[in-house]
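Note sheet for the following structure.
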Protein chains: 2
Amino acid sequence: MNMPSKEYRQRLIEELVEHEFISTQAEIAEHLAARGIKVTQATISRDVNELRLVRLPAGNGQHRYRSTPLAAQEDVVGELAQRFRLFVRDMARGDNLLVVNTDEGHAVGIAYVIDKLDRDEIVGTLAGQNTILVICKSGDAAQAILDEFEDLFT
Amino acid sequence: MNMPSKEYRQRLIEELVEHEFISTQAEIAEHLAARGIKVTQATISRDVNELRLVRLPAGNGQHRYRSTPLAAQEDVVGELAQRFRLFVRDMARGDNLLVVNTDEGHAVGIAYVIDKLDRDEIVGTLAGQNTILVICKSGDAAQAILDEFEDLFT
DNA sequence: CTTTACTCGGCATATTCATACAATATCCAA
DNA sequence: TTGGATATTGTATGAATATGCCGAGTAAAG
(Lines give C-alpha, C1' and ligand atoms only; values in the text may rest on other atoms or scores of the structure.)
Protein backbone atom coordinates (compact mmCIF):
# COMPACT_ATOMS: atom_id res chain seq x y z
CA MET A 1 0.00 0.00 0.00
CA ASN A 2 1.29 3.43 -0.78
CA MET A 3 -1.13 5.42 -2.91
CA PRO A 4 -2.01 7.99 -0.34
CA SER A 5 0.74 10.32 -1.33
CA LYS A 6 0.57 13.79 0.06
CA GLU A 7 -0.64 15.08 -3.24
CA TYR A 8 -3.51 12.67 -3.41
CA ARG A 9 -4.53 13.48 0.12
CA GLN A 10 -4.53 17.19 -0.61
CA ARG A 11 -6.65 16.67 -3.67
CA LEU A 12 -9.12 14.80 -1.51
CA ILE A 13 -9.14 17.60 1.02
CA GLU A 14 -9.94 20.15 -1.64
CA GLU A 15 -12.82 18.03 -2.78
CA LEU A 16 -14.13 17.56 0.71
CA VAL A 17 -14.03 21.22 1.41
CA GLU A 18 -15.76 21.92 -1.85
CA HIS A 19 -18.69 19.62 -1.28
CA GLU A 20 -19.13 19.23 2.46
CA PHE A 21 -19.68 21.64 5.27
CA ILE A 22 -16.42 21.22 7.14
CA SER A 23 -15.70 23.33 10.15
CA THR A 24 -12.59 21.94 11.81
CA GLN A 25 -9.40 20.22 10.79
CA ALA A 26 -10.29 17.33 13.04
CA GLU A 27 -13.36 16.85 10.88
CA ILE A 28 -11.22 16.69 7.79
CA ALA A 29 -9.10 14.04 9.46
CA GLU A 30 -12.24 12.03 10.20
CA HIS A 31 -13.47 12.17 6.64
CA LEU A 32 -10.07 11.09 5.39
CA ALA A 33 -9.97 8.26 7.91
CA ALA A 34 -13.32 7.12 6.55
CA ARG A 35 -11.64 6.89 3.20
CA GLY A 36 -8.77 4.96 4.66
CA ILE A 37 -6.29 7.77 5.00
CA LYS A 38 -5.10 8.13 8.54
CA VAL A 39 -3.25 11.32 9.37
CA THR A 40 -3.25 13.61 12.37
CA GLN A 41 -4.57 17.11 12.71
CA ALA A 42 -1.02 18.42 12.50
CA THR A 43 -0.69 17.13 9.00
CA ILE A 44 -4.02 18.61 8.02
CA SER A 45 -2.89 21.93 9.40
CA ARG A 46 0.12 21.79 7.09
CA ASP A 47 -2.05 20.79 4.17
CA VAL A 48 -4.49 23.57 4.84
CA ASN A 49 -1.60 25.96 4.85
CA GLU A 50 -0.22 24.73 1.55
CA LEU A 51 -3.63 24.65 -0.08
CA ARG A 52 -4.34 28.06 1.36
CA LEU A 53 -7.72 27.05 2.53
CA VAL A 54 -9.55 29.46 4.68
CA ARG A 55 -11.90 29.12 7.63
CA LEU A 56 -14.77 31.40 6.80
CA PRO A 57 -17.04 32.55 9.65
CA ALA A 58 -20.67 32.13 8.76
CA GLY A 59 -21.57 35.01 11.05
CA ASN A 60 -23.67 32.89 13.38
CA GLY A 61 -20.78 31.25 15.15
CA GLN A 62 -20.41 28.55 12.54
CA HIS A 63 -17.30 28.16 10.44
CA ARG A 64 -16.62 26.55 7.16
CA TYR A 65 -13.43 25.71 5.40
CA ARG A 66 -13.30 27.00 1.88
CA SER A 67 -10.83 27.20 -0.89
CA THR A 68 -10.35 30.73 -2.07
CA PRO A 69 -9.35 32.59 -5.18
CA LEU A 70 -7.88 35.17 -2.84
CA ALA A 71 -4.95 32.84 -2.50
CA ALA A 72 -3.95 33.40 -6.09
CA GLN A 73 -4.47 37.12 -5.89
CA GLU A 74 -2.35 37.20 -2.80
CA ASP A 75 1.02 37.48 -4.42
CA VAL A 76 0.37 40.53 -6.53
CA VAL A 77 3.85 41.77 -5.85
CA GLY A 78 5.44 38.64 -7.24
CA GLU A 79 3.18 38.85 -10.24
CA LEU A 80 4.24 42.41 -10.82
CA ALA A 81 7.91 41.65 -10.34
CA GLN A 82 7.74 38.98 -13.01
CA ARG A 83 6.12 41.31 -15.50
CA PHE A 84 8.51 44.11 -14.68
CA ARG A 85 11.54 41.96 -15.30
CA LEU A 86 10.10 40.74 -18.57
CA PHE A 87 8.51 43.78 -20.10
CA VAL A 88 9.47 47.02 -18.43
CA ARG A 89 12.15 49.01 -20.16
CA ASP A 90 12.37 52.28 -18.34
CA MET A 91 10.85 54.38 -15.61
CA ALA A 92 10.91 58.06 -14.81
CA ARG A 93 9.30 60.43 -12.39
CA GLY A 94 8.03 63.93 -12.91
CA ASP A 95 6.73 65.37 -9.68
CA ASN A 96 3.79 63.18 -8.70
CA LEU A 97 3.71 61.29 -11.98
CA LEU A 98 5.49 58.09 -12.85
CA VAL A 99 6.04 57.14 -16.46
CA VAL A 100 6.67 53.46 -17.06
CA ASN A 101 7.87 52.36 -20.46
CA THR A 102 7.13 48.81 -21.50
CA ASP A 103 7.55 46.52 -24.46
CA GLU A 104 5.02 47.23 -27.16
CA GLY A 105 1.50 46.18 -26.17
CA HIS A 106 2.18 45.29 -22.57
CA ALA A 107 1.27 48.55 -20.90
CA VAL A 108 -2.36 47.70 -20.25
CA GLY A 109 -1.58 44.33 -18.75
CA ILE A 110 0.99 45.71 -16.40
CA ALA A 111 -1.13 48.68 -15.42
CA TYR A 112 -3.83 46.23 -14.47
CA VAL A 113 -1.50 44.57 -12.00
CA ILE A 114 -0.34 47.90 -10.65
CA ASP A 115 -3.97 48.74 -9.95
CA LYS A 116 -4.35 45.47 -8.13
CA LEU A 117 -1.58 46.54 -5.78
CA ASP A 118 -4.17 48.87 -4.39
CA ARG A 119 -1.65 51.24 -2.90
CA ASP A 120 -2.85 54.31 -1.09
CA GLU A 121 -0.15 56.44 -2.69
CA ILE A 122 -1.42 55.68 -6.16
CA VAL A 123 -4.39 57.66 -7.32
CA GLY A 124 -4.79 55.84 -10.60
CA THR A 125 -3.16 54.65 -13.80
CA LEU A 126 -3.50 55.32 -17.51
CA ALA A 127 -2.11 52.90 -20.04
CA GLY A 128 -1.49 53.23 -23.74
CA GLN A 129 0.42 50.97 -26.07
CA ASN A 130 3.79 50.99 -24.39
CA THR A 131 3.47 53.64 -21.73
CA ILE A 132 1.87 53.70 -18.33
CA LEU A 133 1.19 56.87 -16.46
CA VAL A 134 0.96 56.29 -12.73
CA ILE A 135 -0.62 59.17 -10.92
CA CYS A 136 0.47 59.45 -7.30
CA LYS A 137 -0.76 61.58 -4.44
CA SER A 138 2.43 63.56 -4.17
CA GLY A 139 5.99 63.80 -5.38
CA ASP A 140 7.20 62.00 -2.29
CA ALA A 141 4.68 59.26 -2.77
CA ALA A 142 5.73 58.93 -6.40
CA GLN A 143 9.37 58.65 -5.40
CA ALA A 144 8.55 55.97 -2.85
CA ILE A 145 6.64 53.97 -5.40
CA LEU A 146 9.40 54.43 -7.94
CA ASP A 147 11.97 53.11 -5.48
CA GLU A 148 9.75 50.18 -4.79
CA PHE A 149 9.28 49.43 -8.45
CA GLU A 150 13.00 49.59 -9.05
CA ASP A 151 13.51 47.00 -6.35
CA LEU A 152 11.30 44.66 -8.31
CA PHE A 153 14.12 44.12 -10.77
CA THR A 154 16.55 42.77 -8.20
CA MET B 1 -16.85 59.65 26.18
CA ASN B 2 -18.82 57.25 24.14
CA MET B 3 -18.00 57.39 20.45
CA PRO B 4 -16.16 54.13 20.00
CA SER B 5 -19.32 52.23 19.27
CA LYS B 6 -19.01 48.71 18.12
CA GLU B 7 -19.76 49.78 14.60
CA TYR B 8 -16.96 52.31 14.53
CA ARG B 9 -14.51 49.77 15.87
CA GLN B 10 -15.47 47.28 13.22
CA ARG B 11 -15.06 49.83 10.49
CA LEU B 12 -11.59 50.50 11.81
CA ILE B 13 -10.80 46.80 11.80
CA GLU B 14 -11.83 46.48 8.20
CA GLU B 15 -9.57 49.34 7.31
CA LEU B 16 -6.65 47.91 9.23
CA VAL B 17 -7.00 44.57 7.58
CA GLU B 18 -7.22 46.23 4.22
CA HIS B 19 -4.06 48.23 4.54
CA GLU B 20 -1.79 46.44 6.98
CA PHE B 21 -0.38 42.98 7.13
CA ILE B 22 -2.18 41.66 10.18
CA SER B 23 -1.71 38.11 11.27
CA THR B 24 -3.32 37.74 14.66
CA GLN B 25 -6.27 39.13 16.55
CA ALA B 26 -3.92 40.28 19.27
CA GLU B 27 -2.26 42.45 16.66
CA ILE B 28 -5.58 43.97 15.76
CA ALA B 29 -6.16 44.73 19.42
CA GLU B 30 -2.77 46.47 19.58
CA HIS B 31 -3.49 48.64 16.57
CA LEU B 32 -6.83 49.61 18.03
CA ALA B 33 -5.24 50.38 21.37
CA ALA B 34 -2.84 52.68 19.55
CA ARG B 35 -5.89 54.52 18.30
CA GLY B 36 -7.30 54.68 21.78
CA ILE B 37 -9.74 51.80 21.56
CA LYS B 38 -9.12 49.25 24.24
CA VAL B 39 -10.80 45.89 23.81
CA THR B 40 -9.72 42.33 24.43
CA GLN B 41 -9.00 39.58 21.95
CA ALA B 42 -12.37 38.04 22.76
CA THR B 43 -14.12 41.07 21.39
CA ILE B 44 -11.98 41.04 18.28
CA SER B 45 -12.85 37.42 17.76
CA ARG B 46 -16.52 38.34 17.79
CA ASP B 47 -15.90 41.23 15.43
CA VAL B 48 -13.93 39.03 13.06
CA ASN B 49 -16.82 36.63 13.07
CA GLU B 50 -19.40 39.28 12.29
CA LEU B 51 -17.25 40.90 9.63
CA ARG B 52 -16.50 37.48 8.24
CA LEU B 53 -12.85 38.18 7.97
CA VAL B 54 -10.64 35.34 7.07
CA ARG B 55 -7.13 34.30 8.08
CA LEU B 56 -5.45 33.45 4.84
CA PRO B 57 -2.34 31.26 4.93
CA ALA B 58 0.43 32.72 2.84
CA GLY B 59 1.80 29.25 2.25
CA ASN B 60 5.08 29.93 3.99
CA GLY B 61 3.75 29.74 7.51
CA GLN B 62 2.64 33.34 7.51
CA HIS B 63 -0.98 34.35 7.86
CA ARG B 64 -2.86 37.43 6.99
CA TYR B 65 -6.32 38.58 7.88
CA ARG B 66 -8.35 39.60 4.88
CA SER B 67 -11.85 40.64 4.16
CA THR B 68 -13.43 38.47 1.55
CA PRO B 69 -16.08 38.70 -1.09
CA LEU B 70 -16.70 35.03 -0.40
CA ALA B 71 -18.70 36.20 2.55
CA ALA B 72 -21.31 37.77 0.33
CA GLN B 73 -21.35 34.91 -2.07
CA GLU B 74 -21.86 32.55 0.82
CA ASP B 75 -25.60 32.79 0.97
CA VAL B 76 -26.35 31.69 -2.55
CA VAL B 77 -29.45 29.90 -1.36
CA GLY B 78 -30.91 33.05 0.12
CA GLU B 79 -30.11 34.91 -3.04
CA LEU B 80 -31.86 32.28 -5.10
CA ALA B 81 -34.88 32.20 -2.82
CA GLN B 82 -35.34 35.92 -3.21
CA ARG B 83 -35.23 35.70 -7.00
CA PHE B 84 -37.51 32.74 -7.07
CA ARG B 85 -40.16 34.47 -5.03
CA LEU B 86 -39.96 37.54 -7.22
CA PHE B 87 -39.58 36.19 -10.70
CA VAL B 88 -40.33 32.50 -11.02
CA ARG B 89 -43.77 31.64 -12.31
CA ASP B 90 -43.77 27.92 -12.83
CA MET B 91 -41.66 24.81 -12.72
CA ALA B 92 -41.97 21.39 -14.27
CA ARG B 93 -39.95 18.24 -14.58
CA GLY B 94 -39.53 15.90 -17.51
CA ASP B 95 -37.33 12.99 -16.61
CA ASN B 96 -33.94 14.51 -15.81
CA LEU B 97 -34.84 17.96 -17.06
CA LEU B 98 -36.28 20.83 -15.11
CA VAL B 99 -38.05 23.65 -16.87
CA VAL B 100 -38.26 26.87 -14.93
CA ASN B 101 -40.50 29.62 -16.19
CA THR B 102 -39.68 33.15 -15.20
CA ASP B 103 -40.85 36.66 -15.77
CA GLU B 104 -39.73 37.98 -19.12
CA GLY B 105 -35.99 38.62 -19.26
CA HIS B 106 -35.07 37.17 -15.91
CA ALA B 107 -34.10 33.67 -16.99
CA VAL B 108 -30.43 34.39 -17.53
CA GLY B 109 -30.00 36.10 -14.18
CA ILE B 110 -31.65 33.31 -12.28
CA ALA B 111 -29.79 30.61 -14.17
CA TYR B 112 -26.60 32.33 -13.16
CA VAL B 113 -27.48 31.94 -9.52
CA ILE B 114 -28.53 28.33 -10.04
CA ASP B 115 -25.09 27.68 -11.49
CA LYS B 116 -23.51 29.26 -8.47
CA LEU B 117 -25.29 26.70 -6.31
CA ASP B 118 -22.76 24.32 -7.74
CA ARG B 119 -24.83 21.24 -7.03
CA ASP B 120 -23.52 17.86 -8.01
CA GLU B 121 -26.91 16.79 -9.27
CA ILE B 122 -27.04 19.60 -11.79
CA VAL B 123 -25.10 19.04 -14.97
CA GLY B 124 -25.74 22.46 -16.40
CA THR B 125 -28.27 25.11 -17.29
CA LEU B 126 -29.50 26.81 -20.45
CA ALA B 127 -31.39 30.08 -20.27
CA GLY B 128 -33.46 31.92 -22.83
CA GLN B 129 -35.75 34.89 -22.39
CA ASN B 130 -38.14 33.51 -19.84
CA THR B 131 -37.22 29.85 -19.62
CA ILE B 132 -34.44 27.98 -17.90
CA LEU B 133 -33.61 24.42 -18.69
CA VAL B 134 -31.85 22.72 -15.82
CA ILE B 135 -30.16 19.51 -16.85
CA CYS B 136 -29.77 17.03 -14.02
CA LYS B 137 -27.88 13.80 -13.73
CA SER B 138 -31.00 11.67 -13.39
CA GLY B 139 -34.73 11.79 -12.93
CA ASP B 140 -34.32 11.27 -9.21
CA ALA B 141 -31.79 14.04 -9.01
CA ALA B 142 -34.12 16.32 -10.93
CA GLN B 143 -36.98 15.53 -8.59
CA ALA B 144 -34.82 16.27 -5.57
CA ILE B 145 -33.76 19.59 -6.99
CA LEU B 146 -37.35 20.40 -7.93
CA ASP B 147 -38.49 19.71 -4.37
CA GLU B 148 -35.73 21.90 -3.09
CA PHE B 149 -36.63 24.72 -5.44
CA GLU B 150 -40.26 24.51 -4.45
CA ASP B 151 -39.25 24.92 -0.84
CA LEU B 152 -37.65 28.21 -1.75
CA PHE B 153 -41.09 29.76 -2.04
CA THR B 154 -42.07 29.09 1.54
C1' DC C 1 -38.84 54.93 39.50
C1' DT C 2 -38.98 49.73 38.72
C1' DT C 3 -39.11 45.94 35.68
C1' DT C 4 -37.99 43.53 31.65
C1' DA C 5 -35.49 42.70 27.65
C1' DC C 6 -31.42 43.51 24.94
C1' DT C 7 -26.85 44.43 23.61
C1' DC C 8 -22.15 44.66 24.61
C1' DG C 9 -17.77 43.27 26.38
C1' DG C 10 -14.52 41.22 29.93
C1' DC C 11 -12.82 37.16 32.17
C1' DA C 12 -11.69 32.52 32.28
C1' DT C 13 -11.52 28.62 29.81
C1' DA C 14 -12.33 25.38 26.07
C1' DT C 15 -11.45 24.48 21.50
C1' DT C 16 -8.87 24.72 17.56
C1' DC C 17 -4.72 25.42 15.01
C1' DA C 18 0.44 25.85 14.31
C1' DT C 19 5.07 24.31 15.03
C1' DA C 20 9.73 22.64 17.13
C1' DC C 21 11.69 18.53 17.34
C1' DA C 22 12.83 13.92 16.38
C1' DA C 23 11.93 9.79 13.72
C1' DT C 24 11.19 7.83 9.22
C1' DA C 25 10.81 7.65 4.53
C1' DT C 26 12.27 8.91 -0.18
C1' DC C 27 15.34 10.28 -3.68
C1' DC C 28 19.57 10.62 -6.00
C1' DA C 29 24.38 10.49 -7.18
C1' DA C 30 28.34 7.66 -7.16
C1' DT D 1 23.84 -0.62 -2.57
C1' DT D 2 25.39 3.22 0.33
C1' DG D 3 25.67 7.78 2.17
C1' DG D 4 23.78 12.14 2.34
C1' DA D 5 20.37 15.50 1.34
C1' DT D 6 15.54 16.51 1.36
C1' DA D 7 10.63 15.57 2.44
C1' DT D 8 7.03 13.98 5.19
C1' DT D 9 4.85 12.90 9.43
C1' DG D 10 3.61 12.16 14.41
C1' DT D 11 4.10 13.67 19.15
C1' DA D 12 3.90 17.05 22.34
C1' DT D 13 3.07 21.50 23.26
C1' DG D 14 2.58 26.31 22.59
C1' DA D 15 -0.11 29.92 20.15
C1' DA D 16 -4.31 31.66 18.58
C1' DT D 17 -9.15 31.74 18.43
C1' DA D 18 -13.91 30.91 20.17
C1' DT D 19 -17.34 30.91 23.73
C1' DG D 20 -20.12 30.27 28.31
C1' DC D 21 -21.21 33.06 31.84
C1' DC D 22 -21.86 37.19 34.05
C1' DG D 23 -22.30 42.07 35.00
C1' DA D 24 -22.92 46.86 33.19
C1' DG D 25 -25.35 49.91 30.33
C1' DT D 26 -29.58 51.31 27.75
C1' DA D 27 -34.13 51.59 26.22
C1' DA D 28 -38.91 50.67 26.27
C1' DA D 29 -42.84 49.43 29.01
C1' DG D 30 -45.46 49.49 33.11
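To find a chain, count down the sequence lines: A is the first, B the second, and so on, and within it residues start at 1. Please read these numbers as outputs of a predicted model, since none were measured by experiment.
If you measure from atom CG of B:Asp47 to atom P of D:dA18, you get 11 Å, rounded to the nearest angstrom. Straight-line distance from the CD1 atom of B:Ile37 to the P atom of C:dG9: 10 Å, rounded to whole Å. The distance between atom CD of A:Glu7 and atom P of D:dT9, rounded to the nearest whole Å, is 12 Å. Note: CG (A:Leu32) to P (D:dT8) measures 17 Å, nearest angstrom.
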task = Report, as a single string ordered 5' to 3', how protein heavy atoms within less than 4.0 Å touch nucleotides 13-20 of chain C: B base, S sugar-phosphate only, - not at all.
result = ---SBBBB

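Of the listed residues (B:Ile135, B:Leu98, B:Ile145), just one forms a side-chain contact (heavy atoms from CB on, under 4.5 Å) with B:Ile122, and that residue is B:Ile145.
Contact check, B:Thr40 against C:dG9: no side-chain N or O comes under 4.0 Å of OP1 or OP2.
For the salt bridge (Lys or Arg N to Asp or Glu O under 4.0 Å) condition, no pair includes a residue of residues 53-62 of chain A, sequence neighbours left out. Residue pairs meeting the salt bridge (Lys or Arg N to Asp or Glu O under 4.0 Å) criterion with at least one member in residues 13-34 of chain A, sequence neighbours excluded, do not occur. A salt bridge (Lys or Arg N to Asp or Glu O under 4.0 Å) check over residues 33-47 of chain B, counting only residues at least two apart or in different chains, returns the pairs B:Arg9-B:Asp47. Annotation: side chain to side chain donor-acceptor pair (under 3.5 Å) contacts involving residues 131-149 of chain A, sequence neighbours excluded, comprise A:Arg93-A:Gln143, A:Arg119-A:Glu148, A:Gln143-A:Asp147.
For B:His31, there are no ring pair (Phe, Tyr, Trp, His ring centres under 6.0 Å) partners, not counting sequence neighbours.
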